[in-house]
Amino acid sequence: MALSFQKYQGLGNDFVVIEAKSLMDPDRARRLCDRRRGIGADGVLTLLPPKAPGAVAFMHVYNSDGSVAAMCGNGVRCVARHLADARGLDGEIDVETAAGLRRCTIHRGRRGAVESISVAMGPARDEGEQAFAVGSELLRARRISMGNPHAVIFGDASVERATAIGPTIEAGVPGGVNVGFAATGLDGLDLVVWERGAGLTEACGTGACAAAAAAVKLGLVDPVREVEVRLPGGPLRITVARDLSSVLMRGPAERVFTGETEL
Ligand SMILES: N[C@H](CCC[C@H](N)C(=O)O)C(=O)O
């Protein structure tokens, strides 16, 4: 049966967005995400009818390996953009997720074009320090939950290090974990994320929030002031409350194409 979809991306973290009444199986999600035999994406976002009052839709998240995530930061910006484009919504849009309701705000320029989207990402839950033995190294990570699990390691924010170490740490946590490699830089953070269920991505919204929250917790950046988190795909602007009780993320989300598939 033909499936209509929209392809969206936020800083190169890309998704197949589908509106449906029921969920596809993980095998189909994997096929859709295959970059040679399918559409190609880091994940599939299925918009289902919401349960929460005031929510416009429920966002279900499949990673490209078919695993399920409770939350996706770049994904929720893409969903808000899709809802604004497809249903003519504007201003504030509440998207329901398995991690709770996420209020999205559409920011338009003078000519009315969408310039960026802000998302109230809820609290960052500090889960303390966790040490990982990788080869001869003992790596200290800060465990932060944004509704999905993150391990943030400060030091070398390089693709090489994320690729070399990320898979071992992801596999070392029951249920998996997203692994952020962060470095404090001029007026912000540099970050590369090895994502649970997707591997190395161009950007990770919840990862940027987790890294900024860990940096505030560890006193590496000032709270309350907006922090630029620079990812390989581009920057996200993150604001973390002093007690981590609220995290605001702002960044772009663009539609790439619309299509139909028999996959
Ligand atoms: N891989 C993540 C889900 C996608 C998160 C990421 N794409 C974002 O923008 O937050 C997980 O399994 O928790």
Side-chain angles (χ1 to χ4, degrees), residues 10-13 71-74 77 116 118-170 172-173 177-196 198-252:
L11 298 180
N13 192 201
M71 182 49 199
C72 178
N74 288 321
R77 290 200 323 274
S116 66
S118 297
V119 185
M121 294 287 283
R125 198 170 65 238
D126 177 32
E127 297 171 342
E129 185 176 283
Q130 183 173 3
F132 293 93
V134 181
S136 59
E137 288 193 82
L138 186 67
L139 300 170
R140 299 191 182 288
R142 196 76 192 185
R143 291 298 310 268
I144 300 280
S145 171
M146 291 305 303
N148 61 343
H150 290 268
V152 185
I153 298 168
F154 288 94
D156 171 1
S158 71
V159 168
E160 293 72 25
R161 187 148 174 83
T163 307
I165 292 175
T168 304
I169 295 180
E170 176 192 4
V173 173
V177 68
N178 299 285
V179 193
F181 295 83
T184 50
L186 189 66
D187 202 22
L189 295 174
D190 295 308
L191 179 69
V192 178
V193 182
W194 178 270
E195 283 199 39
R196 174 180 66 170
L200 197 69
T201 59
E202 289 277 298
C204 179
T206 50
C209 294
V216 166
K217 182 70 185 177
L218 297 172
L220 300 174
V221 299
D222 294 336
V224 185
R225 283 180 55 233
E226 187 176 84
V227 175
E228 182 180 73
V229 179
R230 295 178 287 270
L231 296 127
L236 285 172
R237 297 184 302 187
I238 311 290
T239 307
V240 181
R242 186 177 305 279
D243 62 357
L244 312 190
S245 58
S246 71
V247 181
L248 184 69
M249 168 187 67
R250 185 166 179 172

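- Of all non-hydrogen atoms in Ala162 and Leu200, the two that sit nearest each other are CB-CD1, 3.8 Å.
- With sequence neighbours excluded, the residues satisfying salt bridge (Lys or Arg N to Asp or Glu O under 4.0 Å) with Arg237 are Glu226.
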Applying side-chain contact (heavy atoms from CB on, under 4.5 Å) to Arg250 and Thr239, what does each step give before you reach the verdict? CA-CA 9 Å; Arg250 185 166 179 172; Thr239 307; over 6 Å; no
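- Considering only residues two or more places apart in sequence or on other chains, Arg196 meets the salt bridge (Lys or Arg N to Asp or Glu O under 4.0 Å) condition with none of them.
- Note that OG of Ser145 is 7.5 Å distant from NE2 of His150, once rounded to the nearest 0.5 Å.
- Remark: side-chain polar atoms of Arg140 are not paired, donor with acceptor, to backbone N or O of Gln130 under 3.5 angstrom.
- For the salt bridge (Lys or Arg N to Asp or Glu O under 4.0 Å) test, no residue two or more places apart in sequence or in another chain qualifies with Asp156.
- Phe181 is listed as a side-chain neighbour of Ile165, based on a closest heavy-atom distance under 4.5 Å.
- Pairing each heavy atom of Gly155 with each of Ala183, the nearest pair is O-CB, 3.4 Å.
- Between Val119 and Leu248, every side-chain heavy-atom pair lies at or beyond the 4.5 Å cut-off.
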Test side-chain contact (heavy atoms from CB on, under 4.5 Å) on Glu202 and Leu11 and set out the steps. CA-CA 7 Å; Glu202 289 277 298; Leu11 298 180; 5.9 Å; no
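- Side-chain atoms of Glu228 and Asp187, non-hydrogen and from C-beta on, never get closer than 4.5 Å to each other.
- Note that CG of Asp190 and CZ of Phe154 are 11.5 Å apart. Values are rounded to the nearest 0.5 Å.
- The main-chain N or O of Ile144 is never found under 3.5 Å from a side-chain atom of Asp126 such that the two would form a donor-acceptor pair.
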Show, in sequence, the C-alpha distance, side-chain angles and deciding distance for Thr184 and Leu189, and conclude whether the side-chain contact (heavy atoms from CB on, under 4.5 Å) test is met. CA-CA 5 Å; Thr184 50; Leu189 295 174; 3.6 Å; yes
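- Taken to the nearest 0.5 Å, the CD atom of Glu195 stands 3.5 Å off from the OG1 atom of Thr201.
- No side-chain heavy atom of Val192 sits under 4.5 Å from any side-chain heavy atom of Leu231.
- A 4.5 Å side-chain heavy-atom check between Asn178 and Pro149 finds at least one atom pair inside the cut-off.
- Val240 places none of its side-chain heavy atoms less than 4.5 Å from the side chain of Lys217.
- The two atoms that bring Pro252 and Leu236 nearest to each other are CD-CD2, 4.5 Å, heavy atoms only.
- Closest approach of Gly147 to Met71, counting heavy atoms only: C-CB, 4.4 Å.
- When all heavy atoms of Gly205 and Asn74 are compared, the pair lying nearest together is N-ND2, 3.2 Å.
- Here the CG atom belonging to Asn148 is positioned 8.0 Å from the SG atom belonging to Cys72, to the nearest 0.5 angstrom.
- Each of Thr206, Val229, Ile238 was compared with Met249 under the side chain to side chain contact (heavy atoms under 4.5 Å, CB included) criterion, and only Ile238 meets it.
- Separating the CD1 atom in Ile153 from the CG atom in Leu139 is a distance of 5.0 Å, to the nearest 0.5 Å.
- Contact record, Pro223 with Val216: CB-CG1, 3.8 Å, taken as the closest heavy-atom pair.
- Two residues are said to be in side-chain contact when any heavy atoms from C-beta on lie closer than 4.5 Å; Met146 and Met121 meet this criterion.
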